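Shown next, in structure tokens, is the structure this report addresses.
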Amino acid sequence: MKKRRLFPFAIISLLLILAFLNFTSPKNAEKINLPSLEEKKMKDLTKDKYIEDFEFAYNILETYYPYFDINKKINNVDWLGKKETLKKYIENSKNDVDFGLRMNKILYELNNDHTQIIDQNQAVEMYITYYKMPENDWRHYISHVYEKENVRRRYNLDNKKINDYLKYNQYETKAKINKNNNILGKATENSNEIRTDNIEAKDINDKIGYLKINSMVNYDYSNYDQKKLKTYLKKAKNKKALVIDIRGNTGVFYKLLFFYQKRRFK
């Protein structure tokens with residue numbers, strides 16, 4: 001009798017474990033299979049919609065963006081104070097393409113390379129990057145924005161475009177890793193210095209370690225960097241301090257991209 005009771009309990013426990021692992025594990029982008037879309041011409045938005053989108057983007061930036069004072073001090077640009085001028089400029093948009101160009105032009109005035117609107121070439125990369133992340137990572141949800149019908153039409157996002165990108169990215173990642181392995185050789189296994197295209201880790205002296213990160217690389221290549229970093233950090237675990245140098249790091253400002261596209265293509 002006890003065995004009969006234990007059996008369904010064991011099955012339920014196993015299913016819960018599998019569900020948890022699926023929820024917390026990286027996704028395989030090669031399994032992406034988006035449904036086909038019927039041919040349909042996208043209609044340009046009205047001027048009222050252009051203004052509505054501008055207002056939404058402006059409010060998101062005003063609420064979350066932290067570098068307005070720096071831009072004003074260094075570049076003498078009072079972006080928030082130019083709202084009416086920017087709004088008038090957007091109001092004169094002739095069509096969706098012109099609207100996108102105008103939005104990017106005013107966003108460039110923030111002097112931040114990562115506040116622009118994603119273009120068609122970037123869309124497939126962003127979609128796959130976010131898709132690969134585990135479901136319990138908030139960034140994975142952004143991939144669902146790219147799966148919406150209007151978003152796919154806007155960016156011409158289909159299975160062929162995704163497969164072409166995956167093939168190219170796999171080749172590029174392997175080439176970078178092979179290049180770094182050739183540079184590193186066996187010497188780094190016995191030294192306290194790590195160098196790749198993206199990171200540099202070394203000892204400043206007996207008490208201080210130094211870590212330079214050049215960019216927030218794609219999800220595939222970051223796994224390679226993590227392994228190299230772990231090698232150095234294990235050897236430097238008894239240091240009194242670690243300098244983390246992110247000067248010039250090409251990081252990404254996600255909030256505008258995420259909220260704007262969620263609103264724009266809902």
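Small disclaimer: the values here were computed from a predicted structure and weren't measured.
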> In chain order, what residues pass the side chain to side chain donor-acceptor pair (under 3.5 Å) check against Lys94, with sequence neighbours excluded?
Replying inline: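 Checked Lys94 against side chain to side chain donor-acceptor pair (under 3.5 Å); zero matches.
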Which pair of non-hydrogen atoms, one from [X] and one from [Y], has the smallest distance, and what is that distance?
X	Y	result
Glu149	Leu37	CG-CD2, 3.9 Å
Thr115	Leu107	O-CD1, 3.0 Å
Ala123	Ile118	N-CG2, 3.6 Å
Asn205	Lys239	O-NZ, 2.8 Å
Ile199	Asn214	N-ND2, 4.3 Å

Atom pair [atom1] ([X]) and [atom2] ([Y]), whose distance is rounded to the nearest 0.5 Å:
X	Y	atom1	atom2	value
Asn95	Asp44	CG	CG	5.0 Å
Glu147	Leu157	CD	CG	8.5 Å
Ile213	Leu229	CD1	CG	6.0 Å
Ser93	Ile51	OG	CD1	7.5 Å
Tyr232	Lys234	OH	NZ	15.0 Å
Lys132	Arg139	NZ	CZ	13.5 Å

Aromatic ring pairing [X]/[Y], orientation class (parallel under 30°, perpendicular over 60°, tilted between):
X	Y	answer
Phe99	Tyr50	parallel
Tyr131	Tyr127	tilted
Tyr58	Trp79	parallel

> Is the shortest side-chain N to carboxylate O distance from Arg247 to Asp245 below 4.0 Å?
Replying inline: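 Looking at Asp245 together with Arg247, the answer is yes, because their closest N to O distance falls below 4.0 Å.
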> Quick one: do Asp164 and Lys160 make a salt bridge, cutoff under 4.0 Å?
Replying inline: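 Lys160 and Asp164: salt-bridged.
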> Could you go step by step and tell me if Tyr65 and Asn112 meet the side-chain hydrogen bond (donor to acceptor under 3.5 Å, both in side chains) rule?
Replying inline: CA-CA 11 Å; Tyr65 189 72; Asn112 185 326; 3.2 Å; yes
Surrounding [atom1] of [X] (heavy atoms of other residues, nucleotides or ligands, distance under 6.0 Å), is the total greater than 12?
X	atom1	answer
Asn76	CG	no
Asp206	CG	no
Asp119	CG	yes

> Looking at side-chain heavy atoms only, is the closest gap between Tyr130 and Asp137 below 4.5 Å?
Replying inline: no
> Are any of the side-chain heavy atoms of Asn156 and Gln120 separated by less than 4.5 Å?
Replying inline: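 Yes; the side chains approach each other to less than 4.5 Å.
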> Are Tyr210 and Ile208 in one and the same hydrophobic cluster, where Ile, Leu, Val, Met, Phe, Trp and Tyr link if side-chain heavy atoms are under 4.5 Å apart?
Replying inline: yes
>> Between Leu101 and Met103, is there shared hydrophobic-cluster membership here, with clusters defined by ILVMFWY side-chain heavy atoms closer than 4.5 Å?
In response: no
> Does NZ or CZ of Arg102 fall inside the cone over Tyr89's six-membered ring, less than 6.0 Å from its centre and within 45° of the axis?
Replying inline: yes
> Taking it one step at a time, do Arg154 and Asp96 satisfy salt bridge (Lys or Arg N to Asp or Glu O under 4.0 Å)?
Replying inline: CA-CA 10 Å; Arg154 186 69 65 185; Asp96 283 6; 3.0 Å; yes
>> Show, in sequence, the C-alpha distance, side-chain angles and deciding distance for Glu91 and Lys87, and conclude whether the salt bridge (Lys or Arg N to Asp or Glu O under 4.0 Å) test is met.
In response: CA-CA 6 Å; Glu91 189 176 8; Lys87 186 175 178 180; over 6 Å; no
> Hey, mind stepping through Glu62 and Lys83 against salt bridge (Lys or Arg N to Asp or Glu O under 4.0 Å) and telling me if it holds?
Replying inline: CA-CA 11 Å; Glu62 185 179 30; Lys83 181 177 182 180; over 6 Å; no
>> Please evaluate residues Lys82 and Glu84 with respect to the criterion salt bridge (Lys or Arg N to Asp or Glu O under 4.0 Å), reporting the C-alpha separation (whole Å), side-chain torsions for both, the decisive distance (0.1 Å), and the verdict.
In response: CA-CA 6 Å; Lys82 296 173 61 177; Glu84 292 306 315; over 6 Å; no
